[in-house]
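So the structure is just underneath, and the comments pick up after that.
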Amino acid sequence: SPLLGIGIASAVFGVALLYCSYQLAIATGGASLASVLLYTAPALVALQSWLVLRHHLGLLEIVGVAVALAGITLISFGGGVGVTVSVASLGWGLLSGLMYSLYYLYGKLYFHQYDATALFAVAMAVGMVCLAPFVRFGPHPPAAWFQLLGVGLLCTYAAYFVYGRALAHLTATRASVIATLEPVVAASLAAWLFGERLGPVAFVGAACVIGAAFVLALVPQAPPAPPP
């Protein structure tokens, strides 16, 4: 059925590949770098909205995309304490941003046609199956299972569900930056818990990426162009 096919596509790209690439970005570069690169998604959403949803890109949106690209360049030349900038960390981080952006495009195309709860039920189940081969199964203490349950229900399903509800009422670009403070919070927690610090150049690059996300959030959205 269409619902099953759409749910599987969401599971592969919006769950399995997103979670794999994001965790690998953290492992290879650190939480601060990974969280900032994840938020290249708004710029990618703007481009996809132009290419797929036929939304007109205004001057501010073009500037926002350009500033985000400049930020990625600065991050590539930066570094910091507990932060590793490499081909692997940049590649995994940008892939996570791409998968994140595809989720918003997918939501904008289908959440007004299908119930978000049903779509996520399929996506999470299939995504779990896709990720199973990469999991090392073994005995764990009760506290670990409690933490896994919290991550699964609150940080994963509940977060996806809330985003899904928002996408039914917001444009793809605007919805993608509602949680733009996420990399700020993540970098702050990484500094507090793990002692990570972005270097000066990388810090400016991170500010560019987050600033671009805010710019894209504030741009008035034009309706899709009529078909030719």
Side-chain angles (χ1 to χ4, degrees), residues 9-26 28-53 55 57 60-76 89-111 116 120 123 127 155-156 159-187 190 198 202 205-219 221:
S10 175
V12 173
F13 295 104
V15 178
L17 281 177
L18 171 59
Y19 277 78
C20 279
S21 58
Y22 188 55
Q23 294 304 317
L24 288 169
I26 294 174
T28 55
S32 300
L33 180 64
S35 63
V36 169
L37 292 177
L38 179 69
Y39 268 79
T40 57
L44 297 172
V45 168
L47 292 175
Q48 292 164 10
S49 296
W50 172 56
L51 292 172
V52 180
L53 302 180
H55 288 165
L57 286 184
L60 284 179
E61 288 173 301
I62 295 173
V63 170
V65 172
V67 170
L69 294 175
I72 295 170
T73 303
L74 290 174
I75 290 171
S76 301
S89 62
L90 291 174
W92 289 122
L94 291 173
L95 180 60
S96 69
L98 176 60
M99 294 303 102
Y100 199 21
S101 70
L102 290 177
Y103 163 74
Y104 287 102
L105 181 64
Y106 152 88
K108 198 60 187 174
L109 289 172
Y110 297 114
F111 282 162
F120 285 132
C155 302
T156 305
Y160 271 69
F161 178 76
V162 171
Y163 273 127
R165 298 294 295 177
L167 281 169
H169 305 284
L170 300 173
T171 62
T173 301
R174 190 176 298 277
S176 70
V177 294
I178 292 297
T180 304
L181 287 177
E182 179 182 339
V184 178
V185 175
L198 289 172
C208 288
V209 171
I210 297 171
F214 274 111
V215 168
L216 292 170
L218 297 174
V219 172
Q221 299 296 305

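Computation of the quantities below employed the complete heavy-atom set of this structure, encompassing side-chain atoms and omitting hydrogens, waters and symmetry-equivalent molecules.
Residues passing the side chain to side chain donor-acceptor pair (under 3.5 Å) test with S21, sequence neighbours excluded: none. Every residue meeting the side-chain contact (heavy atoms from CB on, under 4.5 Å) condition with S35, not counting sequence neighbours, appears here in chain and number order: Y22, P183, A186. L94 pairs by the side-chain contact (heavy atoms from CB on, under 4.5 Å) definition with L37, T40, I72, not counting sequence neighbours. Under the side-chain contact (heavy atoms from CB on, under 4.5 Å) criterion, L24 pairs with W92, not counting sequence neighbours. In this structure S89 satisfies the side chain to side chain donor-acceptor pair (under 3.5 Å) test together with S86, sequence neighbours excluded. When the side-chain contact (heavy atoms from CB on, under 4.5 Å) test is applied to V65, the partners found at least two apart in sequence or on another chain are A43, A46, L47, L69.
Within the model, atoms CD1 of I75 and CG of L90 stand 8.0 Å from one another, a figure rounded to the nearest 0.5 Å. Between atom CD1 of residue I26 and atom CG of residue L38 there is a gap of 9.0 Å, rounded to the nearest 0.5 Å.
Contact annotation: the side chain of L102 never approaches that of L18 to less than 4.5 Å [non-hydrogen atoms, C-beta and beyond].
Here the closest heavy-atom approach between residue C208 and residue V67 is recorded as O-CG1, 3.4 Å. Shown here for S32 and A187, the closest heavy-atom pair between the two residues is OG-CA, 3.8 Å. For the pair A41 and G97, the tightest heavy-atom approach, listed with the atom from each and the gap, is CB-O, 3.5 Å.
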